[in-house]
Asker: 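Structure incoming, see below.
Read the numbers this way: they start at 1 and go in the same order the structure lists the ligands and their atoms. All heavy atoms count here, side chains included; hydrogens, waters and symmetry mates do not.
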Amino acid sequence: MTRDAKSPHDVVIVGAGIIGITAGLALLKRGRGVTIIDRKGVAAEASSGNAAAFAFADIEPLASPGIILQAPKWLFDPLGPLSVPPSYSLKIAPWLWRFFLSASRSKFEAGTRAQANLMALSRETLADLMANTGTKRMLRWSGQLEAYESKALFERGKKAWLEKEKYGYRGQHLDNPAEVAKYQPGLGENVVAATFTRDWATISDPLDYALALGEAFVKKGGVLETGAVEGIDADDHRVTLTLSDGRALTAEHAVIACGAWSKPLATALGDTIPLETERGYNTTLPKTAFDLRTMLIPVGHGFVISPLDDGVRIGGAVELGGLKRKPDFRRANAMLKQAQRYMPGLVTEGGRQWMGFRPSLPDTLPVISRSNASRRVVYGFGHGHLGLTQSSGTAELIAGLITGGALEIDINPFRADRF
Ligand SMILES: Cc1cc2nc3c(=O)[nH]c(=O)nc-3n(C[C@H](O)[C@H](O)[C@H](O)COP(=O)(O)OP(=O)(O)OC[C@H]3O[C@@H](n4cnc5c(N)ncnc54)[C@H](O)[C@@H]3O)c2cc1C
């Protein structure tokens with residue numbers, strides 16, 4: 001293939017989730033010819049039904065000294081915030097061991113710095129992305145309220161905010177229910193204190209947003225194709241992708257952005273990356289279910305409550321159960337029940353349930369990196385709980401890796417070979 005910046009197969013991105021689509025837009029902006037290929041279509045997986053948060057203040061990796069203390073307690077509740085189905089426990093054990101090792105104080109602090117850099121870049125670049133794609137109207141800076149059931153937890157939370165403040169994030173601590181009610185009326189008596197931050201936004205609906213970005217990608221000259229990529233081969237000159245229907249695509253560069261399904265393609269190139277999935281559940285209730293003014297986080301329960309344009313979305317939880325197991329929607333029901341304690345007036349009928357596969361590395365940082373096998377292949381996956389939030393920054397880094405030149409932040413912490 002000759003090197004022609006406008007060639008349809010200048011760059012092929014595998015995966016049309018939020019990472020693949022935003023990377024495609026960033027590459028088009030740099031004048032590259034981009035084809036995105038997805039086995040199902042735009043935002044068919046995790047990017048469609050997530051909690052809609054641009055959680056910029058959420059800079060601490062989940063692999064943290066605090067979670068190591070909390071997690072064993074959670075594991076005793078089969079429908080609690082964290083579960084490992086017994087049939088998957090052997091399979092997930094090496095990942096859990098690496099998670100445990102990543103939760104040391106020093107690794108946690110280094111991870112927080114890396115994550116804060118990626119958050120800052122993502123926040124900085126989001127306005128431009130939205131202006132260029134006509135999606136600005138979908139973003140709401142309505143903040144986030146962390147609701148506490150005990151003063152002891154609240155004091156612990158305030159300490160965590162001291163760390164966030166070092167990176168410029170501000171929380172307003174509300175130490176009594178009357179203050180809390182000014183930000184969100186109608187909460188239960190269990191809420192004794194809260195912290196409110198404006199460093200957090202929500203999108204009207206993550207699926208609508210991804211579809212709008214997909215439309216903008218095509219309008220700007222990008223090509224969207226349907227196809228399942230089964231194999232990849234790369235050398236110094238080109239990348240060849242083989243599809244399940246027998247087709248082969250040749251490209252100057254390829255980006256692997258298949259979310260939780262990225263591992264087989266990395267393995268085919270010889271890169272061993274311990275990618276797993278943290279399955280998450282939610283229920284989207286009609287808008288009339290509750291007058292929700294901000295995103296609400298019931299601290300310590302592993303789920304969140306999001307205000308969407310046409311609904312209230314309640315969910316989260318982590319199920320370390322792999323890609324094949326059927327969803328267990330009792331988990332979504334359990335979170336709905338918990339939510340009623342926080343919002344006694346919540347109407348829980350008429351909901352739509354969903355399960356999604358978060359792509360997750362054991363240190364809970366993404367992979368944004370060239371493949372070790374070939375500098376022509378770039379990886380962008382493993383964003384866990386934060387793929388929507390970190391998408392615009394990740395896209396700029398992926399585009400920078402393909403086009404060459406200096407990158408905005410240090411991407412060493414996101415290297416594919418760090419494990
Ligand atoms: C319950 C829940 C709540 C969440 N809430 C938030 C939140 O509020 N904020 C936030 O920032 N993040 C949130 N996340 C995380 C976020 O949704 C993910 O990190 C993000 O969507 C990952 O995007 P992605 O593009 O990497 O993967 P995906 O969206 O999963 O996309 C991967 C794409 O690759 C395609 N694909 C896979 N294999 C192949 C193949 N071989 N060939 C062709 N195509 C292929 C798939 O069809 C899919 O379209 C949440 C996740 C869950 C589950």
Asker: Give the atom numbers and elements of ligand 1 that come within less than 4.0 Å of a heavy atom of G17.
Answerer: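 Here the atoms of ligand 1 in question are 25 (O), 29 (O), 31 (O), 33 (C).
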Asker: For G315, state whether at least one heavy atom is located under 4.0 Å from any atom of ligand 1.
Answerer: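 G315 does not count as a contact of ligand 1 under the 4.0 Å cut-off.
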Asker: Might you point out which heavy atoms bring G171 and T195 nearest each other, and give the distance in Å?
Answerer: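 Shortest heavy-atom contact: CA-CG2, 3.9 Å.
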Asker: Are F329 and Y281 near enough that their ring centres are under 6.0 Å apart?
Answerer: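 Here the rings of Y281 and F329 have centres that are less than 6.0 Å from each other.
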Asker: So for A52, does at least one of its heavy atoms come nearer than 4.0 angstrom to any atom of ligand 1?
Answerer: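 It does, in that a heavy atom of A52 comes within the 4.0 Å cut-off of ligand 1.
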Asker: Measure the distances from the heavy atoms of G227 to every atom of ligand 1 and state whether one is below 4.0 angstrom.
Answerer: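 True for this residue.
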Asker: Start with the C-alpha gap between E252 and R238, add the side-chain angles, then the distance that decides, and say whether salt bridge (Lys or Arg N to Asp or Glu O under 4.0 Å) holds.
Answerer: CA-CA 5 Å; E252 297 267 325; R238 66 179 62 81; over 6 Å; no
Asker: Distance under 4.0 Å to a non-hydrogen atom of L386: what atoms of ligand 1 satisfy this?
Answerer: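 Under 4.0 Å from L386, ligand 1 has these atoms: 10 (C), 11 (O), 12 (N).
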Asker: How would you list all residue pairs meeting salt bridge (Lys or Arg N to Asp or Glu O under 4.0 Å) that involve residues 333-351, not counting sequence neighbours?
Answerer: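 Of all non-adjacent pairs touching residues 333-351, those that pass salt bridge (Lys or Arg N to Asp or Glu O under 4.0 Å) are E149-R341.
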Asker: For the pair F100 and W97, name the ring-plane relationship: parallel under 30°, tilted 30 to 60°, perpendicular over 60°.
Answerer: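 Judged by the thresholds at 30° and 60°, the geometry between F100 and W97 is parallel.
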Asker: With nothing but distance in play, are any N or O atoms of G20 less than 3.5 Å from an N or O of ligand 1?
Answerer: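 Between G20 and ligand 1 (N or O atoms, distance only) the closest approach is not under 3.5 Å.
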Asker: Indicate whether any N or O donor in one side chain lies under 3.5 Å from an N or O acceptor in the other, for R415 and S369.
Answerer: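 There is no such pair (donor and acceptor under 3.5 Å, judged by atom type) between the side chains of R415 and S369.
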Asker: For the 3.5 Å polar cut-off, considering only N or O atoms, please tell me whether L388 and ligand 1 meet it.
Answerer: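 Min N/O separation from ligand 1 is below 3.5 Å for L388.
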Asker: Based purely on interatomic distance, does I19 place a nitrogen or oxygen under 3.5 Å from a nitrogen or oxygen of ligand 1?
Answerer: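 Min N/O separation from ligand 1 is below 3.5 Å for I19.
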Asker: Could you check, using the six-membered ring where one of them is a Trp, whether F357 and W261 have ring centers closer than 6.0 angstrom?
Answerer: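 Centroid distance F357-W261: below 6.0 Å, so yes.
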Asker: If we ignore angles and hydrogens, is there a donor and acceptor under 3.5 Å between the side chains of D233 and T240?
Answerer: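 Judged by distance alone, the side chains do not pair up.
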Asker: For E146 and W161, test the side chains for any donor-to-acceptor distance below 3.5 angstrom and give the result as yes or no.
Answerer: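 Note: E146 and W161 side chains meet the donor-acceptor criterion.
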Asker: Hydrogens and angles aside, do Q144 and T197 bring a side-chain donor and acceptor to less than 3.5 Å of each other?
Answerer: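 Note: Q144 and T197 side chains miss the donor-acceptor criterion.
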Asker: One residue to check: V14. Relative to ligand 1, which of side chain, backbone, both or neither has a non-hydrogen atom less than 4.0 Å away?
Answerer: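 For V14, only side-chain atoms sit under 4.0 Å from ligand 1.
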Asker: I need the nearest protein heavy-atom contact for atom 33 (C) of ligand 1: residue, atom name and distance, please.
Answerer: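 Checked against all protein heavy atoms, atom 33 (C) of ligand 1 sits closest to D38 OD2, 3.4 Å.
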Asker: Give the residue, atom name and distance (to 0.1 Å) of the protein heavy atom nearest atom 23 (O) of ligand 1.
Answerer: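 Answer, as residue, atom name and distance: S47 OG, 3.2 Å.
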Asker: Considering only non-hydrogen protein atoms, determine which one is nearest to atom 13 (C) of ligand 1 and report residue, atom name and distance to 0.1 Å.
Answerer: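 The closest heavy atom on the protein side is H385 O, 3.1 Å.
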Asker: Measuring from atom 15 (C) of ligand 1, which candidate in G382, G384, A46 has the nearest non-hydrogen atom?
Answerer: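 Checking each option, the heavy atom nearest atom 15 (C) of ligand 1 is found in G384.
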Asker: Nearest to atom 9 (N) of ligand 1, what protein heavy atom do you find, and at what distance?
Answerer: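 I find the closest protein heavy atom is A53 O, 2.9 Å.
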Asker: Nearest protein heavy atom to atom 5 (N) of ligand 1, by residue and atom, and its distance?
Answerer: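 Ranking protein heavy atoms by distance from atom 5 (N) of ligand 1, first comes A51 N, 3.0 Å.
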Asker: For atom 51 (C) of ligand 1, which of the options E278, R358, M295 provides the nearest non-hydrogen atom?
Answerer: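 That would be R358.
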Asker: For D199 and W141, which heavy atoms make the closest approach, and how far apart are they?
Answerer: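 Shortest heavy-atom contact: C-CZ3, 4.3 Å.
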Asker: Below 3.5 Å, N or O to N or O, backbone or side chain included: is there any such pair between A16 and ligand 1?
Answerer: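 N/O-N/O distance below 3.5 Å does not exist for this pair.
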Asker: Can you report which non-hydrogen protein atom sits closest to atom 50 (C) of ligand 1, along with the distance?
Answerer: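 I find the closest protein heavy atom is N50 CB, 3.3 Å.
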Asker: So if I count the atoms of ligand 1 from 1 in the order they appear, which ones are less than 4.0 Å from some heavy atom of I18?
Answerer: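 The list of qualifying atoms is 23 (O), 25 (O).
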Asker: Within ligand 1, which atoms have a heavy atom of G259 less than 4.0 Å away?
Answerer: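 What qualifies from ligand 1 is 26 (O), 27 (O), 32 (C).
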Asker: If you measure every N or O of T389 against every N or O of ligand 1, does any of those distances drop under 3.5 Å?
Answerer: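 There is such a contact, yes.
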Asker: If you count the atoms of ligand 1 from 1 in the order shown, which ones are under 4.0 Å from a heavy atom of W261?
Answerer: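 Checking each atom against W261, I get 30 (O), 37 (C), 38 (N).
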Asker: Which protein heavy atom lies closest to atom 32 (C) of ligand 1, and at what distance to 0.1 Å?
Answerer: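 The protein heavy atom lying closest is C258 C, 3.6 Å.
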Asker: Are any side-chain N or O atoms of T364 and backbone N or O atoms of L62, one a donor and one an acceptor, separated by less than 3.5 Å?
Answerer: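 Answer holds: yes.
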Asker: Scan residues 36-47 for pairs that pass salt bridge (Lys or Arg N to Asp or Glu O under 4.0 Å), counting only residues two or more places apart or in two chains.
Answerer: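 Qualifying pairs: R39-E45, K40-E45.
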Asker: Just checking, is any N or O donor in the side chain of S142 or R198 under 3.5 Å from an acceptor N or O on the other one?
Answerer: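 There is no such pair between these side chains.
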Asker: If you take all heavy atoms of L28 and G221, which pair is closest and at what distance?
Answerer: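 That would be CD2-C, 4.4 Å.
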Asker: Which protein non-hydrogen atom lies closest to atom 44 (N) of ligand 1, naming both residue and atom, and how far is it?
Answerer: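 Residue, atom and distance for the closest contact: R39 N, 3.1 Å.
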Asker: Could you tell me if any non-hydrogen atom of A55 lies under 4.0 Å from any atom of ligand 1?
Answerer: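 No, A55 has no heavy atom closer than 4.0 Å to ligand 1.
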